[in-house]
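Counting begins at 1 with the first residue of the sequence. Atoms within a ligand are numbered from 1 in the order they appear, just like the ligands themselves. Since the structure is predicted, the reported quantities are computational estimates derived from the model, not experimental observations.
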Amino acid sequence: MTGDLLAGLSAPSAEALADGAVLLRGFAAADAPALLGEIRQITEQAPFRQLITPGGFRMSVAMTNCGAVGWISDRRGYHYGADDPETGRPWPAMPPLFRELADRAAAAAGFPGFEPEACLINRYAPGARLTLHQDRDEGNLSHPIVSVSLGVPATFLFGGLDRKDKPRRVRVEHGDVAVWGGPSRLAFHGIDTMKPGHHDQTGEWRYNLTFRKAL
Ligand code: SIN
Ligand code: FE2
């Protein structure tokens, strides 16, 4: 199902990152104001919070979720759950726009029929970073990860299947969408320490939407 990734690409500004991984430049730019409006509504119900890692550290990135299940880190480990542990209520529903965009981006990258149940929403202030990691808490690894960048630019680190593989450094800007699946599904990735910046639509922040088929 990963097929020939680049053969199916329709976006002219697609940039191959690795086998099965692509950056669709500006793919979400037109939808960005509406996406940010949805983030505001979601976070009224499920506020951003800085999670604790299993090792006991507080993450610098603030997170929340929407969808049938949300990703959580706590002292017990990483896991998906239907309820926001902070409020005890189910995570807010995934807006149709989120679902459609994720499916369109996945299809443009050669992964048609992407139906994510989970959307992790990250918020980066200056100085925040996300160390190299794999997304491997999902029940089904045959589907890709779709990752939407909004606001202040960042340096996306995209490595290989071994933590020691030197990551590529890729600047990701407002509206860029990265998709990785197939042979790259378990690639190590992260975000380098955020430099101070400003974006008209997000102020000092960078937001990221990460869509996963979690179940
Ligand atoms: C993630 O790996 O969950 C987020 C990556 C990003 O913020 O671009
Ligand atoms: Fe990730």
Tell me, yes or no, whether the heavy-atom count around Glu115 atom CD, taken from other residues, nucleotides or ligands under 6.0 Å, exceeds 12. no
For Arg212, atoms of ligand 1 separated by under 4.0 Å from a heavy atom: 3 (O)
Quick one: CE on Met63 to CD1 on Ile72, what's the gap to the nearest 0.5 Å? 9.5 Å
List ligand 1 atoms under 4.0 Å from Thr210, heavy atoms only on the residue side. 1 (C), 3 (O), 4 (C)
Nearest protein heavy atom to atom 7 (O) of ligand 1, by residue and atom, and its distance? Tyr124 OH, 2.5 Å
Which residues satisfy the ring-ring contact (aromatic ring centres under 6.0 Å, His included) test with Phe188, sequence neighbours excluded? none
Tell me whether ligand 1 is touched by Ser147 - counting only heavy atoms on the residue side and a distance under 4.0 Å. yes
Is His133 close to ligand 1, meaning an N/O of one under 3.5 Å from an N/O of the other? yes
Which heavy atom of the protein is the closest neighbour of atom 1 (C) of ligand 1, given with residue, atom name and distance? Leu130 CD2, 3.4 Å
Any idea which protein heavy atom is nearest atom 8 (O) of ligand 1, and the distance to it? Arg206 NH2, 2.9 Å
Any side-chain heavy-atom pair from Arg171 and Asp176 closer than 4.5 angstrom? no
Does Leu150 belong to the same Ile/Leu/Val/Met/Phe/Trp/Tyr cluster as Trp205, with side-chain heavy atoms less than 4.5 Å apart forming each link? yes
Work out how many protein N, O or S atoms lie closer to the Fe ion (ligand 2) than 2.8 Å. 3
Can you label the angle between the Phe98 ring and the Phe211 ring as parallel, tilted or perpendicular, going by 30° and 60°? perpendicular
Is the NZ or CZ atom of Arg168 both under 6.0 Å from the centre of the six-membered ring of Phe158 and within 45° of that ring's axis? no
From Arg136 atom CZ to Ile145 atom CD1, the distance as rounded to the nearest 0.5 Å: 13.0 Å
For His189 and ligand 1, does the shortest N/O to N/O distance drop below 3.5 Å? yes
Please check: side-chain N/O of Asp103 versus main-chain N/O of Glu100, any donor-acceptor pairing under 3.5 Å? no
If only atom types and distance count, is the side chain of Asp165 paired as donor or acceptor with the main-chain N or O of Gly159 below 3.5 Å? no
What do you reckon, does Arg129 put a non-hydrogen atom under 4.0 Å from ligand 1? no
Please work out which of Asp135, Asn122, Ile121 has its closest non-hydrogen atom nearest to atom 3 (O) of ligand 1. Asn122
Distance-only donor-acceptor check, side chains Glu138 and Tyr80, under 3.5 Å: yes
